[in-house]
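Data first, discussion second: the structure below is written as structure tokens.
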Amino acid sequence: CREYAAEYIKIQAEDQTRFGVFWLDPWTGQGPARQGGRKPDADSDEKFDSSDYYATMSPKYEASILRAFRDLFLKDLIYKGKKPVYWDATTASAHAEAEIEYQEHESPSVYVKFPIQGEKNKFVVIWTTTPWTLPANLGVSFGEKIAYEVVETEQGSFVLAVELAPKVLEVAGLTAKSRKPISLDEIKALQVRHPFIDRESKVLFGDHVTVEAGTGIVHTAPGHGQDDYVVGLKYGLDVLSPVDHRGRYTKEFAEMEGKSVFEANPLIIEKLKGLGLLLQASTFKHQYPHSWRSHKPLIMRATPQWFLKIDPLRDLALEEIKKVEWIPEWGESRFTAAVKTRPDWCLSRQRYWGVPIPAFQCKDCGHVHLDEATLNHVIAQVEQKGVEVWYEETAANLLPAGTKCSECGSANLEKESDILDVWFDSGVSWYAVLKQNPDLGYPADVYLEGSDQHRGWFQSSLWPALALTGKAPFKKVVTH
């Protein structure tokens, strides 16, 4: 793989020189690195002078990536947690914001009746475009600033947001026999049941609930949505995600174990219909997240992943954005909008090759081991041998001598298998290149890329730079 990449570095180097880029070309010999312009023979084993250029696959750069990760870890900005992330079932891997492409997709649209315990023919109604997430439902979320009412119809009484009730009835083909306000205290006292699993669906309140669409009440599955996860934390709910890495139900939803979630959508709808709890079903086309690799629809799935905290850096980011010159000017507003809504950055990827997250797990108690001494020990080996050392050496050889689990004292540790997001690799180029070369200086005079990088490279460069230097890594951003 390295030989293949090196060949294309050479081809690009020749193009760069031909295009008039001012740099020290290690292949053509132009510049002080090779006086006289001598070019190595094609079959020569001679090494090129890597001080003249940088390659992200060089051991030096790979070690710099891990140093940046270490420095962020020591600032308590790196953590491992079980949170819902975008997941591609085709490649069995997590995806970050920058790896998502939005394409037109047809989704089911269903209005579902959740029975209210102790109340005959009375329901809380939710709307969802992901029926497959209903097996993971643990609550129904209301908005504290939204007015609700109980609407009596020929199919029973429904709790709905006042503003949305007419639209829901129109879609369902029903008429209101009577309408009665319901207070927040009365809502809090409701005991809502899951439509087809014998458990309570807790009444919750969250800021994410709006009256822009649906019923004003949101089906909440903390293992399958970011807003759901946040409100679930507030109320102490489990992060239930009964879906495996291939997008199939696990034994936690035994009734459909082994079926893919997209295959399950019509089955869930039929089940609701058979129980008399489907108010209305249809489909609609909308922009839906797809994988940039497989081009298949993504799902939200909670798995243990490594994250970079964004909230401690967000205010500083918004201030630094104002100091940057944006060309064209509209780039600033686009970038700002992305910064305001960015969740914690999922850094881990499930790939067979890449810069490893040098964490270890205790085989006896399951505790995750990662500390400064371990990071430094791995970094030193990577700088000498490249990331291959992680895949070739045993855990014992990668750890400092005498390392033991801090929880149970066991020395029985094994390597974790996640790698770092490649956007992190490129996002710390300022750290690996500018900070290591006083002649270049920091921050960079200009970052130049396509406008799609307002969610990509510009973002992945900004967050580590803010955390480690307190300022943006660029003075000017030019998009084309």
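Numbering starts at 1 and runs along the sequence shown.
- The number of heavy atoms from other shown groups lying within 6.0 Å of NZ (K60) does not exceed 12.
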**OP:** Evaluate side-chain contact (heavy atoms from CB on, under 4.5 Å) for H367 paired with S406, printing each intermediate quantity in order.
**Re:** CA-CA 8 Å; H367 177 69; S406 59; 3.2 Å; yes
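- Taking the side chain as every heavy atom from C-beta outward, E416 and H369 never approach each other to under 4.5 Å.
- To the nearest 0.5 Å, atom CD of residue Q226 and atom NE2 of residue H208 are 11.0 Å apart.
- Between the side chain of R301 and the backbone N or O of V243 there is at least one donor-acceptor pair closer than 3.5 Å.
- You'll find the side chain of Y442 reaches within 4.5 Å of the side chain of K471, heavy atoms only.
- Between P135 and I268, some side-chain heavy-atom pair lies under the 4.5 Å cut-off.
- The environment of CD in E212 is sparse: at most 12 heavy-atom neighbours from other residues, nucleotides or ligands sit within 6.0 Å.
- No more than 12 heavy atoms of other residues, nucleotides or ligands sit less than 6.0 Å from atom NZ of K363.
- In terms of heavy atoms, C365 sits closest to C408 at SG-SG, 3.7 Å.
- Of all heavy-atom pairs between F262 and P297, the closest is CZ-CB, 3.9 Å.
- Inter-residue side-chain proximity for K75 and L468 is flagged as met; some heavy-atom pair is nearer than 4.5 Å.
- Using a 3.5 Å distance cut-off with no hydrogens or angles, the side chains of D425 and T56 do not pair a donor with an acceptor.
- Taking NZ of K475 as the start and NZ of K323 as the end, the distance is 13.5 Å to the nearest 0.5 Å.
- Here the NE2 atom belonging to H245 is positioned 11.0 Å from the OG atom belonging to S93, to the nearest 0.5 angstrom.
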Subject >> Derivation of the side-chain contact (heavy atoms from CB on, under 4.5 Å) call for R455 and R342 >> reply: CA-CA 9 Å; R455 291 196 309 119; R342 173 136 193 172; over 6 Å; no
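- Atom NZ of K80 has more than 12 neighbouring heavy atoms from other residues, nucleotides or ligands inside a 6.0 Å radius.
- By the ring-ring contact (aromatic ring centres under 6.0 Å, His included) test, H224 is found to be paired with W132, residues two or more places apart in sequence or in another chain being considered.
- The main-chain N or O of A89 is found under 3.5 Å from a side-chain atom of R246 such that the two form a donor-acceptor pair.
- Ring geometry, F307 versus Y79: the interplanar angle falls under 30°, so the pair is classed parallel (tilted spans 30 to 60°).
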**OP:** Report the C-alpha distance between I78 and W306 in whole Å, list the side-chain angles of each, state the deciding distance to 0.1 Å, and finish with yes or no for side-chain contact (heavy atoms from CB on, under 4.5 Å).
**Re:** CA-CA 7 Å; I78 303 287; W306 290 91; 3.8 Å; yes
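- In terms of the ring-ring contact (aromatic ring centres under 6.0 Å, His included) criterion, Y235 has no residue partners (sequence neighbours excluded).
- You'll find the side chain of S291 reaches within 4.5 Å of the side chain of H95, heavy atoms only.
- Other residues, nucleotides and ligands place more than 12 heavy atoms under 6.0 Å from the CD atom of Q287.
- Looking only at distances, no side-chain donor or acceptor of T374 sits under 3.5 Å from a matching main-chain atom of L370.
- A donor-acceptor pair is defined here as one N or O able to donate and one able to accept, closer than 3.5 Å; no such pair exists between the side chain of S141 and the backbone of G206.
- Classification of R2 and E388 as a salt-bridged pair holds, one side-chain N sitting under 4.0 Å from a carboxylate O.
- Here the side chain of S348 pairs no donor or acceptor atom with the backbone of C346 at under 3.5 angstrom.
- Looking at E62, its side chain does come within 3.5 Å of a backbone N or O of V387 through a donor-acceptor pair.
- Put simply, CZ on F69 and OH on Y431 are 12.5 Å apart, with the number rounded to the nearest 0.5 Å.
- At least one donor-acceptor pair under 3.5 Å links the side chain of K415 to the backbone N or O of W390.
- In this structure, the separation between CH2 on W87 and CE on M300 is 12.5 Å, given to the nearest 0.5 Å.
- Annotation: side chain to side chain donor-acceptor pair (under 3.5 Å) contacts of H105 (sequence neighbours excluded): none.
- Between W353 and Y391, the ring center distance clears the sub-6.0 Å criterion.
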Subject >> Test log, rule side-chain contact (heavy atoms from CB on, under 4.5 Å), inputs L462 and Y447 >> reply: CA-CA 11 Å; L462 177 72; Y447 269 44; over 6 Å; no
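- Taking the side chain as every heavy atom from C-beta outward, P328 and T479 approach each other to under 4.5 Å.
- With hydrogens and angles disregarded, a donor-acceptor distance shorter than 3.5 Å links the side chain of H290 to the backbone of Y288.
- Considering all non-hydrogen atoms of both residues, S460 and W345 come closest at CB-CH2, 3.4 Å.
- A salt bridge links D344 with K83: the distance from a Lys NZ or Arg NE/NH1/NH2 to an Asp or Glu carboxylate oxygen falls below 4.0 Å.
- The minimum heavy-atom distance between N397 and Q381, with the atom names listed, is O-NE2, 3.3 Å.
- If you run side chain to side chain contact (heavy atoms under 4.5 Å, CB included) between L204 and each of I217, T220, L138, V209, only T220 comes through.
- Considering only residues two or more places apart in sequence or on other chains, R349 meets the side chain to side chain donor-acceptor pair (under 3.5 Å) condition with E99, D421.
- Side chains of S64 and V428 form no contact here, defined as non-hydrogen atoms less than 4.5 Å apart.
- Proximity of L413 to C405: side-chain heavy atoms (C-beta onward) are separated by under 4.5 Å at one or more points.
- Taken from CG in D371 to OG1 in T403, the straight-line distance is 7.0 Å, to the nearest 0.5 Å.
- Here the side chain of W457 pairs a donor or acceptor atom with the backbone of S426 at under 3.5 angstrom.
- For CG of D207, the number of neighbouring non-hydrogen atoms (other residues, nucleotides, ligands) closer than 6.0 Å is 12 at most.
- Listed here is the closest heavy atom pair of H219 and A221: CE1-CB, 4.0 Å.
- Looking at residues two or more places apart in sequence or on another chain, you find no side chain to side chain donor-acceptor pair (under 3.5 Å) involving T215.
- Remark: side-chain polar atoms of K82 are not paired, donor with acceptor, to backbone N or O of G223 under 3.5 angstrom.
- Exactly one of L66, I419, V382, V422 qualifies for a side chain to side chain contact (heavy atoms under 4.5 Å, CB included) with V355. That residue is L66.
- In this structure Y102 satisfies the ring-ring contact (aromatic ring centres under 6.0 Å, His included) test with no other residue, sequence neighbours excluded.
- At least one cation-pi condition fails for R334 and W330: the charged atom is not both under 6.0 angstrom from the six-membered ring centre and inside a 45 degree cone around its axis.
- Around the CZ atom of F284, the shell of radius 6.0 Å holds more than 12 heavy atoms that belong to other residues, nucleotides or ligands.
- When all heavy atoms of P443 and A472 are compared, the pair lying nearest together is CB-O, 3.5 Å.
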